[in-house]
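Every chain is numbered from 1 and lettered A, B, ... according to where its sequence line falls, protein lines coming before strand lines. These numbers come from the heavy atoms of this one structure, side chains and all, not from hydrogens, waters or symmetry mates.
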2 protein chains.
Amino acid sequence: MVSTLADVARAAGVHPGTASKALNPDSRHLVAAVTVQRVREIAAELDYQPNSFARGLRTSRSFTIGLLVPDLTNPLFPPIVRGIEEVLGAAGYSALIVNTDNDAKKEMQLFMTLLSRRCDGFILATAFRQDPVVEAISKRNIPAVLVNRSTESHLLPAVAGDEVAEVRDAIKYLVKLGHRRIAHVASPQNLSPGYIRHRAFLTTIRDLGLEPEECPVVVATGFNEAAGEAASKELVSHSTSRPTAILAGNDQLAIGVMDRLSTTGIKCPEDISVIGFNDIPRMDRINPALTTFALPKHEMGVKAAQILQAWIEGTSIPEPSTIYLPCPLIIRDSTGPAPS
Amino acid sequence: MVSTLADVARAAGVHPGTASKALNPDSRHLVAAVTVQRVREIAAELDYQPNSFARGLRTSRSFTIGLLVPDLTNPLFPPIVRGIEEVLGAAGYSALIVNTDNDAKKEMQLFMTLLSRRCDGFILATAFRQDPVVEAISKRNIPAVLVNRSTESHLLPAVAGDEVAEVRDAIKYLVKLGHRRIAHVASPQNLSPGYIRHRAFLTTIRDLGLEPEECPVVVATGFNEAAGEAASKELVSHSTSRPTAILAGNDQLAIGVMDRLSTTGIKCPEDISVIGFNDIPRMDRINPALTTFALPKHEMGVKAAQILQAWIEGTSIPEPSTIYLPCPLIIRDSTGPAPS
DNA sequence: CTGAAAGCGCTAACAG
DNA sequence: CTGTTAGCGCTTTCAG
């Protein structure tokens with residue numbers, strides 16, 4: 001068994017209360033320097049580890065944060081997690097990480113179990129545009145911040161990519177290359193990125209004076225390659241009216257679109273240019289290398305964690321607004337001049 | 001604030017002890033069915049969540065497991081984590097996940113903080129061939145299992161790919177294609193996969209009657225593309241004596257090797273065939289698509305988790321031996337007949 | 001079947 | 001500066 005505070009106190013010939021003060025940085029100054037020294041030595045000797053159950057029970061602090069992600073297997077999320085861990089880990093917090101698979105029921109259930117573990121705060125990369133968990137958190141006034149997704153009702157602070165700017169930059173870039181028939185394969189609309197990009201697409205098309213009927217949108221039923229392939233089938237079937245450029249909702253959808261193109265015998269980028277979003281790993285190595293926007297994943301994690309830490313520790317209560325981080329356009333080989 | 005067991009008991013008109021029994025599946029049978037019913041209803045109404053600090057303090061069980069991985073950003077690990085979560089999550093455990101970056105000091109430090117959080121068990125994907133953390137765990141007799149890596153001293157059960165079979169299969173396959181000059185770019189030797197594959201390479205070369213001096217080994221200084229590129233520089237510099245096939249220590253190293261080949265103007269697979277290990281995502285989409293071995297990542301996680309759970313719950317104390325899972329060879333475009 | 005009481009290990013308020 | 005005390009919320013004997 002491991003040793004307890006009482007063991008340390010006994011060995012040091014002091015009262016447990018005193019030992020506690022000696023060992024705790026915030027109350028060390030209340031104890032004589034020699035005593036502190038002795039207690040610490042003995043603690044080290046017995047390699048005493050404070051029982052975090054007991055401490056938590058007393059202080060109502062766990063130094064644990066709950067981290068909800070849709071799926072760690074999606075390469076978007078690990079860098080975010082690392083960014084979070086980098087700041088919160090250094091501050092003494094550990095992360096309880098769960099995968100929700102974009103399942104609202106699972107999300108709520110997992111949240112409840114994390115809640116009963118008394119997490120000091122939460123970071124959610126899982127929010128739906130309307131999200132009961134977000135409401136539950138907000139109602140209970142628990143520190144929490146959203147990352148990569150935001151909710152319709154701005155109940156919690158969020159850190160996300162600047163999706164509106166991305167879409168505008170993408171379309172401007174394509175127009176400069178001579179494209180006028182630009183289509184959008186949108187990701188599902190119940191999550192903010194899909195919805196925001198879709199809306200930004202519509203308004204940008206209008207703002208730039210393109211013909212809306214030449215710029216169709218089709219909403220994919222998922223986030224992966226297969227969904228992209230399925231969604232673009234109809235889009236590229238009529239060789240006369242087909243777009244010359246396709247903006248996919250994310251990189252995986254873009255790959256699916258390119259799969260469809262290659263099975264249909266359409267060349268990318270000669271016939272149709274394709275753009276993705278997020279710049280997940282190895283998009284520079286697929287064929288053709290994908291033009292996409294670099295979401296600052298690590299930085300998003302860092303920012304979210306900083307906001308959460310300040311909130312937990314009472315340094316600053318954040319506004320429930322969204323911070324939009326810029327996403328540079330990475331031009332590679334999947335885009336080129338519009339065919340003549 | 002959330003409600004406590006005492007609140008529930010009061011509202012139900014019973015003693016807290018009784019409420020506790022009524023709510024706990026294992027002791028429910030000690031309480032009258034009607035009472036159980038009433039207490040449960042009231043608990044649900046107040047949405048009572050047991051305080052896990054208090055419970056843990058009393059029971060010395062946290063229903064938490066510590067999960068140490070080198071780097072979540074390496075696509076090898078998320079599927080393992082998901083496999084683990086799948087079994088342990090269903091059993092009521094949550095996972096505290098930390099990244100060690102293959103830094104022994106960081107590993108020990110993080111382990112100690114997880115220990116003070118009273119994890120019921122550990123799964124390590126981080127073990128070095130000699131690993132102080134593994135020794136510390138073993139000495140304290142804490143349930144823990146290794147995954148993807150094993151230690152020299154078989155102190156803990158482990159689940160890994162069958163690296164010896166992989167290497168043998170790889171070389172046999174290459175020999176069948178006519179290769180006799182086969183080189184190995186090994187991954188660092190302080191981790192079991194690098195070491196085991198290296199040894200298997202040596203013995204297989206001998207067993208198959210190839211000339212050892214025609215089958216050089218160079219040990220890479222890291223696990224990534226850059227390390228693979230650097231390690232293969234020398235190997236392919238002499239056009240007369242260069243190998244016709246290279247077995248890289250993992251997929252990232254293999255990509256590095258292919259980078260080197262393409263900058264040197266050597267064609268893959270026409271001039272040199274390349275094989276990787278693990279089959280990380282999108283190896284089927286790079287150019288040329290990589291021939292590699294499919295490590296059963298998810299299954300490894302599942303197996304490790306099952307062993308751990310049985311150990312924690314006392315169902316079965318496992319042998320400290322390694323389970324080797326078969327890894328099928330996935331033949332793609334980076335391998336072909338030896339040049340004549 | 002239910003109630004009473006003790007105590008897990010710690011911290012924080014207060015007294016000396 | 002150090003000791004005393006109480007109690008966080010729960011489970012688990014032991015009595016009734």
Side-chain angles (χ1 to χ4, degrees), chain A residues 1-40 42-43 46-64 92 112-113 115-120 314, chain B residues 1-40 42-43 46-64 92 113 115-120:
Chain A
M1 249 335 271
V2 278
S3 47
T4 78
L5 186 59
D7 298 333
V8 175
R10 199 175 317 115
V14 295
H15 191 272
T18 308
S20 170
K21 285 170 214 149
L23 258 16
N24 203 310
D26 296 340
S27 51
R28 219 196 317 285
H29 66 277
L30 298 171
V31 176
V34 253
T35 314
V36 169
Q37 179 65 10
R38 192 172 69 248
V39 171
R40 295 190 63 186
I42 298 205
L46 301 182
D47 69 23
Y48 165 72
Q49 294 284 126
N51 182 321
S52 54
F53 293 143
R55 173 177 283 175
L57 185 56
R58 195 53 240 253
T59 60
S60 306
R61 299 268 282 105
S62 63
F63 282 92
T64 283
M112 292 310 283
T113 91
L115 196 62
S116 83
R117 286 169 192 290
R118 295 300 190 272
C119 291
D120 293 335
Chain B
M1 251 334 272
V2 280
S3 46
T4 77
L5 186 60
D7 297 334
V8 175
R10 198 175 319 114
V14 296
H15 190 270
T18 308
S20 170
K21 286 168 212 150
L23 259 16
N24 203 310
D26 296 340
S27 52
R28 223 202 305 292
H29 66 276
L30 298 172
V31 176
V34 252
T35 313
V36 170
Q37 178 66 7
R38 191 171 71 248
V39 171
R40 296 190 62 187
I42 297 204
L46 302 183
D47 65 26
Y48 165 71
Q49 294 284 126
N51 181 320
S52 52
F53 292 143
R55 174 176 285 175
L57 186 55
R58 199 49 240 259
T59 60
S60 306
R61 299 269 280 103
S62 63
F63 282 94
T64 283
T113 93
L115 196 62
S116 84
R117 289 178 141 70
R118 297 299 193 273
C119 291
D120 293 337

**OP:** Return yes when atom CZ of B:R40 has more than 12 non-hydrogen atoms of other residues, nucleotides or ligands closer than 6.0 Å, and no otherwise.
**Re:** no
**OP:** Could you pull out the closest heavy-atom pair between A:F53 and B:S62, with the gap in Å?
**Re:** CZ-CB, 3.4 Å
Subject >> Bracket notation of DNA chain C in which parentheses pair within the strand, [ ] cross earlier pairs, and | pairs with another strand (Watson-Crick or G-U, under 3.5 Å) >> reply: ||||||||||||||||
Subject >> Between C1' of D:dC8 and CG of B:D7, the distance in whole Å >> reply: 13 Å
Subject >> Shortest non-hydrogen contact from B:P50 toward A:R118 >> reply: O-NH1, 4.0 Å
**OP:** Would you please say whether a donor-acceptor pair under 3.5 Å links the side chains of A:T64 and A:R117?
**Re:** no
Original post:
Which heavy atom of A:A19 sits nearest a heavy atom of A:L5, and at what distance?
Top reply: CB-CD1, 3.8 Å
Pairs under 3.5 angstrom, nitrogen or oxygen only, protein versus nucleotides 10-14 of chain C, please.
| unit_1 | atom_1 | unit_2 | atom_2 | d |
| --- | --- | --- | --- | --- |
| C:dC10 | OP1 | A:Y48 | OH | 2.6 |
| C:dC10 | OP1 | A:N51 | N | 3.3 |
| C:dC10 | OP2 | A:L5 | N | 2.3 |
| C:dT11 | OP1 | A:R55 | NE | 2.8 |
| C:dT11 | OP1 | A:R55 | NH2 | 3.0 |
| C:dT11 | OP2 | A:S20 | OG | 2.8 |
| C:dT11 | O2 | A:R58 | NH1 | 2.1 |

**OP:** Measure from the side chain of B:L57, starting at C-beta and using heavy atoms only, and say which of D:dT2, C:dC8, C:dT2 lies closest.
**Re:** C:dC8
Subject >> Rounded interatomic separation in angstrom, taking CG from B:L30 and P from C:dG3 >> reply: 14 Å
**OP:** Calculate the interatomic distance between B:L23 atom CG and C:dT2 atom P; express it in whole Å.
**Re:** 14 Å
Original post:
Just how far, in rounded Å, is C1' of D:dT12 from NE2 of B:H29?
Top reply: 13 Å
Original post:
Which pair of heavy atoms, one from A:A12 and one from A:I42, lies closest together, and at what distance?
Top reply: CA-CD1, 3.6 Å
**OP:** Starting from P on C:dT2, measure out to CZ on B:R10 and report it in whole angstrom.
**Re:** 19 Å
Original post:
For the residue pair B:R28 and B:A22, what are the closest heavy atoms and their distance?
Top reply: CG-O, 3.1 Å
Original post:
So which heavy atom on A:T4 is nearest to which on A:Y48, and how close?
Top reply: C-CE1, 3.5 Å
